[in-house]
Every structure is written in structure tokens, then in C-alpha cells.
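Notes for the one structure printed next.
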Amino acid sequence: MEAREAITNGVGGVQTAGIHHITAFVRDPQVTADFYAGVLGLRLVKKTINFDAPEVYHLYFGDQAGSPGTIITFFPWKDSRKGRIGGGQVGITTYVVPQDALGFWRERLAKLNVAFQETERFAEQYLQFEDPDGLRGEIVAREEGANSEWSFSGVPTDKAIKGFGGAVLFSTAPESTGKLLAEVMGLDKVGENGEYARYRSFGEIGNTIDVNIAPMAHGSGGHGTVHHIAWRAKDDAEHVRWRTQVAEHGYQPTPIIDRQYFNAVYFREEGGILFEIATDPPGFARDEPQESLGEKLMLPEWYEGHRSEIQGLLKPFVVREWEEIEL
Ligand code: ZN
């Protein structure tokens with residue numbers, strides 16, 4: 001690894017703390033809950049619908065509160081075509097566990113018949129696996145970041161996933177993507193290892209972003225691929241500044257959209273990856289108590305009048321521990 005001097009955000013503008021959430025396409029809500037809650041031990045913090053397609057769930061998994069930087073979200077779409085992971089996508093989602101927890105996860109994945117490979121990148125060990133839809137994930141152990149308070153399915157809090165370690169971006173135009181991360185998003189370039197350039201944000205989780213150095217051919221969307229990556233804005237005022245900052249650099253952000261649990265702005269970057277900027281507030285306790293997050297189907301007010309119709313279109317599923325799952 002060649003250490004480089006940090007490049008700071010040249011615009012003197014807003015900087016992101018790191019990843020807010022990552023959203024992917026899958027097929028089946030039960031299969032997804034069994035993997036992300038049953039195997040990885042995450043909490044289902046919100047069961048709602050895709051606001052643009054109410055016949056499809058939008059499932060959010062994270063730590064006890066669904067804190068920004070811990071949230072992996074899914075659209076389970078039964079008849080979706082199989083996607084191909086490639087350029088223009090988040091290629092690998094990185095989950096971070098406490099420093100001494102890698103051995104626990106090595107044993108757990110083996111016991112639960114999740115095939116994994118051990119690899120090294122920037123002098124860190126990674127356990128890389130695929131979820132049942134083919135989404136690529138990896139686990140890394142780091143000191144930084146608070147432990148999760150959520151224990152489920154035999155994962156104690158001192159071994160549990162703390163949130164995202166970061167992500168590996170697969171870009172069709174990595175120079176542009178890197179420039180965007182450093183000069184607009186406010187990350188520091190911290191190194192290159194031949195295959196990847198590494199960028200870091202100031203937050204303690206969701207902070208380490210690797211980008212391929214050689215341009216990668218386009219993948220195609222569908223189940224088993226990531227749809228977008230969202231970055232944190234600390235509040236609504238900063239979110240407005242973000243939209244301006246992105247537009248001033250020539251990107252074309254959408255208007256600010258109310259996503260109930262955060263406000264969102266989307267734009268496509270030059271390497272093909274769909275970026276979102278999402279506000280930390282109000283969060284998932286906005287419409288149900290923290291103790292029972294994710295237990296009930298939550299709908300925004302404008303869909304409440306159609307609840308029974310919508311519920312009839314959604315396949316029921318349960319969140320269960322791995323012992324209850326036939327592996
Ligand atoms: Zn999003």
C-alpha cells in the first residue's frame with residue numbers, strides 16, 4: 001500500500017460523514033430476512049413499501065435503531081430478472097465487526113453453510129460471501145465505531161455487525177468517481193494498492209470506500225445487485241447545501257424527496273453509480289416505537305387509505321433466528 005497525502009475537499013463545502021444506507025434488489029422477503037437477520041444478526045427496523053411501487057416491500061435492516069451508517073435496504077421483487085454485478089454499481093458491501101470478532105464470524109458462516117473466501121486488501125482481512133441472491137458482501141474487523149446494542153440469532157452484541165465498514169464501488173470511469181468522492185463528497189484519498197484506490201470519510205462507520213482503478217464494464221440491474229448508495233447529510237439545512245454543491249459541480253440532482261425516515265436527493269455520477277444524499281433525521285422511530293421497530297407494516301399517510309389492498313399484494317414473512325430456518 002502506497003500511502004498518499006490526504007486531499008481535502010477543495011470547495012470548502014459540506015462533507016459527508018459516510019454511508020447512510022445501501023439499497024439492493026432481491027427476490028424474496030423471507031429469504032432476505034433469513035439471511036440478513038437470521039445469519040448476519042441485523043435488526044429489521046422498518047417494514048414498509050417502495051413508495052414508487054406500493055406492491056413491493058421496502059425492508060430496512062440495521063442496528064438497534066437503524067442508525068445512519070448501518071442500514072441495508074431491499075426491494076424484494078419476485079419476478080425481477082437476475083442482475084449482473086459490474087461497473088456503475090456498488091460491487092461489494094462491507095460490514096464491520098469489533099476488532100476481535102472475525103474468528104466468531106469465520107466459525108458462524110462455516111456452521112451456517114455460507115460459503116466465504118478470505119482475502120486481504122490494504123493490510124486488512126476480509127471474509128467475502130454472497131447472499132442468496134448473489135449480492136456480494138464482506139466482513140472486516142475494526143476498532144472504530146460503537147458496538148451494536150442489538151443481539152439476535154445467537155450473535156452477541158460484542159461480536160455483532162456494527163454497521164457498514166464501507167463499500168467497494170465498481171466504476172466505469174473511476175477517475176471521475178474518485179474525483180467526486182474527494183472534491184465534492186469530501187472524502188480523503190488515503191492510498192492505492194494497484195487494484196483499488198481507498199477513500200475515507202470523517203465518520204467512524206460507513207467510512208472506507210474502495211474504488212477500482214482500471215475502468216470496469218457496465219453491469220446490469222436486477223436482483224442480486226445494488227441499486228444505489230446513499231451518503232449522510234446531518235440535517236435538513238445541510239441537505240439543501242448538498243443539493244447546491246452537487247449541482248455546482250455539474251451533476252443533476254433530483255428535487256428533495258420526502259422518504260418518511262429521511263429526505264433524499266439522487267444523482268447519477270459519471271462512473272454510472274446512482275448516488276443519493278439522505279438526511280440523518282428523522283429516523284425510523286418517527287412512526288413507531290423503538291422497541292417494536294419493524295414488526296408492523298408501516299405506510300406513509302398517503303397510502304394508509306389503501307392498507308388492506310396493499311397488504312393483500314405483499315407476501316407475508318417472519319423474522320426468525322437461524323435455528324428456526326431450514327438451512
Ligand atoms: Zn435510498
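Below, each value reflects all heavy atoms present in this structure, side chains not excepted, and no hydrogens, waters or symmetry copies. Predicted model, so just to flag it, every value in this text is computed and none were measured.
Residues that satisfy the ring-ring contact (aromatic ring centres under 6.0 Å, His included) test with Phe129, not counting sequence neighbours, are Phe35. Annotation: salt bridge (charged side-chain N to carboxylate O under 4.0 Å, His left out) contacts of Glu295 (sequence neighbours excluded): none. Residues satisfying the salt bridge (charged side-chain N to carboxylate O under 4.0 Å, His left out) test with Arg106, not counting sequence neighbours, are Glu118. Listed by chain and residue number, Asp287, Glu288 satisfy the side-chain hydrogen bond (donor to acceptor under 3.5 Å, both in side chains) test with Lys46 (two or more places apart in sequence, or in another chain). Among residues two or more places apart in sequence or in another chain, the side-chain hydrogen bond (donor to acceptor under 3.5 Å, both in side chains) test is passed with Asp131 by Tyr36. Partners of Tyr196 by ring-ring contact (aromatic ring centres under 6.0 Å, His included), not counting sequence neighbours: none found. Considering only residues two or more places apart in sequence or on other chains, Glu130 meets the side-chain hydrogen bond (donor to acceptor under 3.5 Å, both in side chains) condition with none of them. By the ring-ring contact (aromatic ring centres under 6.0 Å, His included) test, Tyr266 pairs with His228, sequence neighbours left out. Under the ring-ring contact (aromatic ring centres under 6.0 Å, His included) criterion, Tyr251 pairs with Phe267, sequence neighbours left out.
Taking the six-membered ring for Trp, Phe75 and His58 have ring centres closer than 6.0 Å.
Listed by first then second residue, pairs satisfying salt bridge (Lys or Arg N to Asp or Glu O under 4.0 Å) with a partner in residues 70-85 number zero, not counting sequence neighbours. Residue pairs meeting the salt bridge (Lys or Arg N to Asp or Glu O under 4.0 Å) criterion with at least one member in residues 201-216, sequence neighbours excluded, are Arg121-Asp210, Arg198-Asp210.
With respect to Glu238 and Arg241, no salt bridge is recorded, no charged nitrogen being found less than 4.0 Å from a carboxylate O.
The closest side-chain donor-acceptor pair between Glu149 and Thr157, if any, does not fall under 3.5 angstrom. Looking at Glu276 and His21, their side chains do bring a donor and an acceptor atom within 3.5 Å of each other.
When hydrophobic side chains of Ile, Leu, Val, Met, Phe, Trp and Tyr are connected at separations under 4.5 Å, Leu293 ends up clustered with Val45, Tyr60, Ile71, Tyr261, Phe262, Phe284, Met298.
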Might you work through the side chain to side chain contact (heavy atoms under 4.5 Å, CB included) test for Ile273 and Ile229, ending with a clear yes or no? CA-CA 8 Å; Ile273 304 164; Ile229 180 168; 4.1 Å; yes
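Distance alone, capped at 3.5 Å, is enough to place a donor-acceptor pair between the Arg142 side chain and the Gly165 backbone.
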